[in-house]
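Remarks on the structure that follows.
Here is the naming used below: chain letters follow the sequence lines, and residue numbers restart at 1 for every chain.
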Number of protein chains: 2
Amino acid sequence: MKKIVLPKKEDFIPHLAYDAVIFGFNGTELKIVILEYQKTNHFALPGGFVRHNQNLDEAVYQGVQNRTGISDIQLEQCHTFGHQNRRDKKVLKDICEVHDHQIKDDHWLLGRFISVCYYALINFEDVSLEPDELSDSVGWYGLDELPELMLDHKEMVSKALEVLQKNIDEKLVGMNLLPEKFTMKDLQNVYESILQKKLVRTAFQRKILAKDILVRHEKKYTGKAHKAPYLYSFKPV
Amino acid sequence: MKKIVLPKKEDFIPHLAYDAVIFGFNGTELKIVILEYQKTNHFALPGGFVRHNQNLDEAVYQGVQNRTGISDIQLEQCHTFGHQNRRDKKVLKDICEVHDHQIKDDHWLLGRFISVCYYALINFEDVSLEPDELSDSVGWYGLDELPELMLDHKEMVSKALEVLQKNIDEKLVGMNLLPEKFTMKDLQNVYESILQKKLVRTAFQRKILAKDILVRHEKKYTGKAHKAPYLYSFKPV
DNA sequence: GTATTATTGTATCTAACCGATACAATAGAA
DNA sequence: TTCTATTGTATCGGTTAGATACAATAATAC
């Protein structure tokens, strides 16, 4: 059993946390990162705390970076959750119990937390997921196969998806979710996964090309018996 | 000189604040509420702190309610500002000095604050503005006549306006900014003030009527030498 | 009364955009 | 060479917004 070391109270802004809905695209489906506390059967979004000498945005950025090993992250703040019963007494106690760790009832981690929710877009292929101090493992989950999540983390996922949907046309959302070069179908798959609906192929292609944000490269020969699609990349800014 | 009483540290979540961009519409122009610390020449958005046994949303709602005397408020969270140098040492010290009040360098109010920014839409006519403990007066300012604001409050105003603009079509924004009955021109003025651009009269009227959210009432005779406009109200939900 | 004026409510024309459909251009398999 | 699935693009019809036109009308001027 791994010995756990809880974060020190005095290093962090008390009662404040962040949680990140980390989106990746595996080529077909949109996935998010979920931490698993295996022995306790608890699941949660990756999150963390903000140091006294740290910007909120930077704390989240570094947190996501540490967990995914990725430094090219598109990060957007979604919403701050501040309900007074946002406290995870049960979960943390279970985790500590499993690890034979004593935790007092008045421990700061058992108190109320306000949490700022962000979404992060990253390149699925480059990720190497690292469990943190407390979680035993970590994995990718599709939006329709999420386990029961602690606290209001399910609501956070909904909010993150909602904000992502609203941003999809103006924030070049595909850029971080796709590899350098991709086909029009890849991009359409990303859009459809995010918007959770089918799009009309011809209208989608026309709209994206009209935006004038893509560069067309060589064709991609897939070995399939049909016309080969062009590869595209995003125009450099 | 009014004796000031600072809020007690132990009642509130430390390092956490909220600020509200309170919008009202005076019939022609969009205005926001700004607090004035007269002797110190400092200006700020109305804000406050969150009690340990209070939801974040409720804290903001009650804060806005207390300051405006209004209970019909449309409140929306905009953004959480968490830069590490969000602290107002100078302003608070100046205020205390003016009031002959001693404040120590390590007083909790002088520390770093994360602040959650909200916008509030209220009926301008029903408001009676109340200065709080620390501010000497409070007033309405047009967006283009704002004084220099403390910390990042100017940025908060921009963010609030941006979020309001994005919400304008789906959140029935006019409902709280206008009196019970209003003309189409009134509503168009609200839209133009928020979007900060002129709209085409005929297209605006057509779009709003097509939404089917208004009830048409009697005409409004203004005494002017031209056709009298109809009065409308929002359909009850 | 009648003409005048400013504004309102609505209809019409046109350009832009999207969904639907059609179709030619393939890359590879049969 | 034929066949199949997919891609890239053009075209048609419906919807929407800006531009324009115009009738309706409330008060004033005459």
Inset, instruction - Provide, to the nearest angstrom, the distance between the NE2 atom belonging to B:His226 and the P atom belonging to C:dG9. - result: 11 Å

Legend entry - Donor on one side chain, acceptor on other, A:Gln165 and A:Tyr191, under 3.5 Å: no

Inset, instruction - Give the rounded distance in Å between these two atoms: NZ of B:Lys227 and P of C:dT7. - result: 14 Å

Legend entry - Distance-only polar pair, side chains of B:Gln77 and B:Tyr18, donor-acceptor under 3.5 Å: no

Inset, instruction - Would you jot down, in residue-number order, the residues of residues 191-210 of chain A having a non-hydrogen atom under 4.0 Å from DNA chain D? - result: A:Arg201, A:Thr202, A:Gln205, A:Arg206, A:Leu209

Legend entry - CD/A:Glu145: more than 12 non-hydrogen atoms of other groups inside 6.0 Å: yes

Inset, instruction - Could you check how far CG of B:Leu231 sits from P of C:dT7, rounded to whole Å? - result: 18 Å

Inset, instruction - Using atom NZ of A:Lys220 as one end and atom C1' of C:dG28 as the other, report the distance to the nearest whole Å. - result: 16 Å

Legend entry - Modelled atom types, side-chain donor and acceptor of A:Tyr119 and A:Asn167, under 3.5 Å: yes

Kindly list each side-chain donor-acceptor pair under 3.5 angstrom involving residues 194-204 of chain A, sequence neighbours excluded, with atom names and distances?
none

Legend entry - Separation of atom NZ in B:Lys224 from atom P in D:dA24, rounded to whole Å: 24 Å

Legend entry - d(OH, B:Tyr230; P, D:dT25) in whole Å: 8 Å

Inset, instruction - Establish, yes or no, whether the cationic atom of B:Arg216 lies under 6.0 Å from the six-membered ring centre of B:Tyr230 and within 45° of the ring axis. - result: yes

Legend entry - Protein-nucleotide distance (B:Gln188, atom CD; C:dG9, atom C1'), rounded to Å: 13 Å

